[in-house]
**Student:** 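Just dropping this structure here.
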Amino acid sequence: MNTPAHAIVNLLILGKKRKPENNLPIVFGAILPDLPMVIFYVYEKLIRGIPENVIWSESYYNQSWQVFFDIFNSFPLILIGGLLAYYFGQTFLIAMFASMALHGIGDFPVHADDAHRHFFPLSNWRFESPVSYWDSRHYGHIFAPLEVLAVIVGCFVLWRRYTSMKARIIIAIVLSVYFIYGVYAVLVWG
C-alpha cells in the first residue's frame, strides 16, 4: 500500500476514540517502515540526480539500500522493539511498534517484485506476491482503485469517529498527502 494509506488503515484498526493519545504514534508507526524509501528516493533523485528508470530498476535493488529498507520492515526487529516497549511501559512506543507490525502485515500480500525481507535478519526470504499495490503486471490496476476507495471511506469513518480539531487535522493532513503523492506518482511515474 502507499504510505499514507497505511496511516488511514492503521488508524481505523488500531485507533480508539477513548485513547486519542495513541493516534500520533499510530500514524508515525504506519509511515516509519517507508521512511527509508523516502530517504532513498530523495538521495538518489535530488542529491545524485539519478534518472527515474535507473532509480527503480537498479538503485532500488542495491544490497545496501535493501538492508536499510528491510530493517524497518522486519517482523523480528519490530517484535523485539514492541516487547521492549511493553517491558518498560512505553505506551507511545507500544502503539508505534503495533502500527509498524500492521504496516508489514498490510504490505506482505501486495508486494511482488519489490518485496521486503520481512524476517530479516533471521532470513533473506521474500514473499513475492502475485498481487502488487501499484504494478499493473500484478493486478495493480485493480488494487490501486480499491486502495483509493478504502482511503476515502476510511477518512470518512475516522472523521466521524474523531471530532476533536487535532484528530481531524491529522486526518486532513494524511488525506492531503495521499492525494498529493498520487498526483506526483501519476505525473512522474504514470
Side-chain angles (χ1 to χ4, degrees), residues 1-42 68-75 77-111 116 118 131-134 140 142-189:
M1 291 190 313
N2 288 297
T3 306
H6 283 288
I8 297 300
V9 169
N10 288 14
L11 275 173
L12 279 170
I13 295 171
L14 298 174
K16 305 282 186 262
K17 188 172 184 175
R18 65 185 188 284
K19 292 205 170 220
E21 66 275 9
N22 286 341
N23 290 342
L24 189 58
I26 289 168
V27 169
F28 184 64
I31 64 171
L32 189 56
D34 287 343
L35 190 57
M37 188 72 62
V38 173
I39 293 167
F40 155 77
Y41 184 74
V42 167
F68 186 45
F69 304 149
D70 294 340
I71 286 171
F72 287 81
N73 286 277
S74 167
F75 290 135
L77 297 179
I78 292 168
L79 177 63
I80 289 168
L83 290 172
L84 286 170
Y86 179 78
Y87 178 79
F88 289 108
Q90 298 296 311
T91 55
F92 181 98
L93 293 176
I94 293 167
M96 182 194 79
F97 282 114
S99 189
M100 288 178 73
L102 188 56
H103 178 122
I105 291 166
D107 268 359
F108 201 75
V110 294
H111 277 262
H116 297 296
H118 285 288
V131 178
S132 170
Y133 73 98
W134 65 271
I142 295 170
F143 186 85
L146 292 175
E147 178 187 293
V148 171
L149 180 62
V151 167
I152 292 169
V153 170
C155 284
F156 177 76
V157 170
L158 290 170
W159 194 266
R160 291 184 48 95
R161 180 187 297 172
Y162 299 106
T163 56
S164 75
M165 182 62 74
K166 183 178 176 183
R168 287 187 167 180
I169 287 171
I170 290 172
I171 295 163
I173 289 171
V174 171
L175 184 61
S176 298
V177 168
Y178 182 77
F179 281 103
I180 290 168
Y181 171 80
V183 168
Y184 181 82
V186 168
L187 292 176
V188 175
W189 303 315

**Student:** Restricting to side chain to side chain donor-acceptor pair (under 3.5 Å), what partner residues turn up for Asn22, sequence neighbours left out?
**Tutor:**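 Checked Asn22 against side chain to side chain donor-acceptor pair (under 3.5 Å); zero matches.
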**Student:** For Asn10, enumerate each residue passing the side chain to side chain donor-acceptor pair (under 3.5 Å) test, keeping only those at least two apart in sequence or located in another chain.
**Tutor:**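 Scan of Asn10 (side chain to side chain donor-acceptor pair (under 3.5 Å), adjacent residues dropped) gives Ser99.
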**Student:** Could you check if a side-chain atom of His103 sits within less than 4.5 angstrom of a side-chain atom of Asp34, using non-hydrogen atoms only?
**Tutor:**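 SC-SC contact between His103 and Asp34 confirmed.
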**Student:** Applying ring-ring contact (aromatic ring centres under 6.0 Å, His included), name anything that partners Tyr133, two or more places apart in sequence or on another chain.
**Tutor:**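 Scan of Tyr133 (ring-ring contact (aromatic ring centres under 6.0 Å, His included), adjacent residues dropped) gives His111.
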**Student:** Closest approach of Pro33 and Gly29, non-hydrogen atoms and distance?
**Tutor:**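 In this case the closest contact between Pro33 and Gly29 is CD-O, 3.1 Å.
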**Student:** Using ring-ring contact (aromatic ring centres under 6.0 Å, His included) as the criterion, list what pairs up with Phe40, not counting sequence neighbours.
**Tutor:**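 Testing Phe40 for ring-ring contact (aromatic ring centres under 6.0 Å, His included), a comparison that skips the adjacent residues, returns Trp56, Trp65, Phe69.
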**Student:** Measure the shortest side-chain to side-chain distance between Phe143 and Val110 over non-hydrogen atoms and say whether it is less than 4.5 angstrom.
**Tutor:**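 Of all side-chain heavy-atom pairs linking Val110 with Phe143, at least one is under 4.5 Å.
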**Student:** Which residues pass the side-chain contact (heavy atoms from CB on, under 4.5 Å) test with Ile39, sequence neighbours left out?
**Tutor:**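 By the side-chain contact (heavy atoms from CB on, under 4.5 Å) rule, Ile39 matches Leu35, Phe68.
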**Student:** So, His118 versus Asp107: side-chain donor-acceptor pair below 3.5 Å or not?
**Tutor:**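 On atom types as modelled, these side chains do not qualify, holding no pair under 3.5 Å.
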**Student:** Distance from Asn73 atom CG to Met37 atom CE, nearest 0.5 Å?
**Tutor:**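 Here the interatomic distance stands at 7.5 Å.
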**Student:** Only counting residues at least two apart or in another chain, list the ones meeting ring-ring contact (aromatic ring centres under 6.0 Å, His included) with Tyr162.
**Tutor:**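 Per chain and number, Tyr162 pairs via ring-ring contact (aromatic ring centres under 6.0 Å, His included) with no residue.
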**Student:** Side-chain donor-acceptor pairs under 3.5 Å in residues 80-96, sequence neighbours left out?
**Tutor:**
unit_1: Gln90; atom_1: NE2; unit_2: Phe88; atom_2: O; d: 3.3

**Student:** Is it the case that the side chain of His6 and the backbone of Ile31 share a donor-acceptor pair, with hydrogens and angles ignored and the cut-off at 3.5 Å?
**Tutor:**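 No; judged by distance alone, with no hydrogens or angles, the pair does not exist.
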**Student:** Please set out all donor-acceptor pairs under 3.5 angstrom arising from side-chain atoms of residues 144-158, sequence neighbours excluded.
**Tutor:**
unit_1: Glu147; atom_1: OE1; unit_2: Asn2; atom_2: N; d: 3.2
unit_1: Glu147; atom_1: OE2; unit_2: Asn2; atom_2: ND2; d: 2.7
unit_1: Glu147; atom_1: OE2; unit_2: Tyr178; atom_2: OH; d: 2.8

**Student:** Mind checking what makes side-chain contact (heavy atoms from CB on, under 4.5 Å) contact with Val177, not counting sequence neighbours?
**Tutor:**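 Partners of Val177 by the side-chain contact (heavy atoms from CB on, under 4.5 Å) criterion, ordered by chain and then number, come out as Pro4, Ile173.
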**Student:** Measuring from atom CD1 of Ile171 to atom NZ of Lys166, what distance do you get when rounded to the nearest 0.5 angstrom?
**Tutor:**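 Result: 12.5 Å between the selected atoms.
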**Student:** Could you grab the distance from atom CD1 of Ile170 to atom CG of Leu175, nearest 0.5 Å is fine?
**Tutor:**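 Between atom CD1 of Ile170 and atom CG of Leu175 there are 13.5 Å.
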**Student:** Kindly write out the residues that satisfy side-chain contact (heavy atoms from CB on, under 4.5 Å) with Lys16, not counting sequence neighbours, or none if the list is empty.
**Tutor:**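 Once residues adjacent in sequence are excluded, the partners of Lys16 under the side-chain contact (heavy atoms from CB on, under 4.5 Å) criterion are Arg18, Lys19.
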**Student:** What pair of heavy atoms forms the shortest contact from Ala7 to Val27, and how long is it?
**Tutor:**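 Here Ala7 and Val27 meet closest at CB-CG1, 4.3 Å.
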**Student:** Report the residues that fulfil side-chain contact (heavy atoms from CB on, under 4.5 Å) with Val188, sequence neighbours left out, ordered by chain and then residue number.
**Tutor:**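 So Val188 forms a side-chain contact (heavy atoms from CB on, under 4.5 Å) with Tyr41, Glu52, Tyr184.
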